[in-house]
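A short worksheet on the structure shown next.
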Amino acid sequence: MKKITLLGLCILFFSHSLKAQGEIKHQTQELESIQLGNYTAYLTQQSSSGDYEGGLDVLLYKITNFKEYTVQPGVHKEVYMIHGGDPDRPDDHKETMFLPDNEAFPITYVQKVYEGSPAMQKEIGYSPRINRLSDGNRIVFIDGKIFMIEDWVDKDNYKLEAVLEFQAKKMGGLKKMKEVMKSPKKMKAMQPHKMLQEYLDNAYNKQQEVYAQWIKNPKNAALIENIDQIREFIIGAINKQRDDWYNSAEYKRIKERNASARQSNLESEVTISNNTGKDIYIYAEGSSNGSRVSANGRGTFNCKKNQYYSFSGNSSASNGTLIVGANQSCGTTVNVN
């Protein structure tokens, strides 16, 4: 009787595993549960004991658009988002594009750009650039959440930075404070590292199976070959253009003129570095118009004249402190401490 029961449990477990593997979704399918708009970023840093420390990222994360994947329209998507923008500087926000990591069964979306200029892309075609630095930045969609990954090497080697949850309304200061306080328990209950790793393990196995069959289709094999050929052609064209520039007589003349101009500047300029911790103002000999040098900043000035500094913007050379003597510090950096 016990043997029969044990056998039944094994069959049940095996059937459940097959069902779970069969139901695993690729990332473009998971993308269907992702909404456009702002997201709250819950930090996933853990202490040495493995406890979640909690906290919210103060930077802005916003899904701005979904477009058809230019390489495979109608199959996968291009995901555009503001990825860690400064909330107080909206004019500086730039969209980052994420593309599927695999044409048959993507398990992550990767930060990408297309090779070449827009004109080259339109004329020759589109191929995602391979960049070992930005390729480490990835996102994974699971059940409406976005898992932010850095330093990706493979499915077992990466750094989970945060989990993003859709923010239907702007979060006020009090609400945000409460959310910060609750975040360690929220992450403990969610177990984002375990949740992500289980998805990646199952999805990777499914990806290997699907891709092995997918690439046997001549049409699919031709697609991958074309992507690679476009990339190689554009990189080759860019490198040839660069080499032609470097070898041209005009390029060499420009380099010589730039070198001459830099030497001329060195002979007539001095750099003043402000290490005082406060803004200072630099006044040339006989002048009452000061040039501000911010705290911990630096500026370039005429070394042919005496230069004076003051902490007041309403001062003059005659009331300032001499910092650079005429013709004495050309081409160097002088520190104001």
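Both backbone and side-chain heavy atoms feed into the values below; hydrogens, waters and symmetry mates do not.
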Pairs flagged by ring pair (Phe, Tyr, Trp, His ring centres under 6.0 Å) wherever residues 314-337 is involved - sequence neighbours left out: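 Passing the test, one end in residues 314-337: no pairs.
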Any pair counted as ring pair (Phe, Tyr, Trp, His ring centres under 6.0 Å), so long as it reaches residues 143-172, sequence neighbours left out: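 Listed once each, the pairs are Y39-F166, W152-Y158.
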Does the separation of the ring centres of [X] and [Y] fall below 6.0 angstrom?
| X | Y | result |
| --- | --- | --- |
| Y308 | Y283 | no |
| F98 | H83 | yes |
| H76 | F105 | no |

Qualifying residues under ring-ring contact (aromatic ring centres under 6.0 Å, His included), relative to F233, sequence neighbours excluded: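 With neighbours one apart ignored, the set is empty.
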Step-by-step side-chain hydrogen bond (donor to acceptor under 3.5 Å, both in side chains) determination, S47 to E53: CA-CA 6 Å; S47 67; E53 298 178 350; 5.0 Å; no
Is any side-chain N of the basic residue among [X] and [Y] closer than 4.0 Å to the acidic one's carboxylate O?
| X | Y | value |
| --- | --- | --- |
| E256 | K252 | no |
| R292 | D279 | yes |
| D135 | R129 | no |

Do the non-hydrogen side-chain atoms of [X] and [Y] ever get within less than 4.5 Å of each other?
| X | Y | result |
| --- | --- | --- |
| L60 | H93 | yes |
| N302 | E269 | no |
| I235 | E115 | yes |
| I272 | I323 | yes |

Residues Y246, Q241; criterion side-chain hydrogen bond (donor to acceptor under 3.5 Å, both in side chains); working and verdict: CA-CA 9 Å; Y246 288 169; Q241 185 182 50; over 6 Å; no
Verdict with supporting geometry, D57 and Y61, side-chain hydrogen bond (donor to acceptor under 3.5 Å, both in side chains): CA-CA 9 Å; D57 196 332; Y61 295 89; 2.9 Å; yes
Residue that, paired with Y199, satisfies side-chain hydrogen bond (donor to acceptor under 3.5 Å, both in side chains) out of Q27, K194, K155: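 Exactly one pass, corresponding to Q27.
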Stacked cation flag K278 on F311, 6.0 angstrom / 45 deg: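 Ring-cation test returns yes.
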Verdict with reasoning, N274 to T276, per side-chain hydrogen bond (donor to acceptor under 3.5 Å, both in side chains): CA-CA 6 Å; N274 178 13; T276 65; 2.7 Å; yes
Between E209 and N205, a side-chain donor and acceptor under 3.5 Å: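 No, no side-chain donor-acceptor pair sits under 3.5 Å.
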Q167 versus N38, side-chain donor and acceptor atoms under 3.5 Å: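 No, because no side-chain N or O of N38 sits under 3.5 Å from a partner of the opposite role on Q167.
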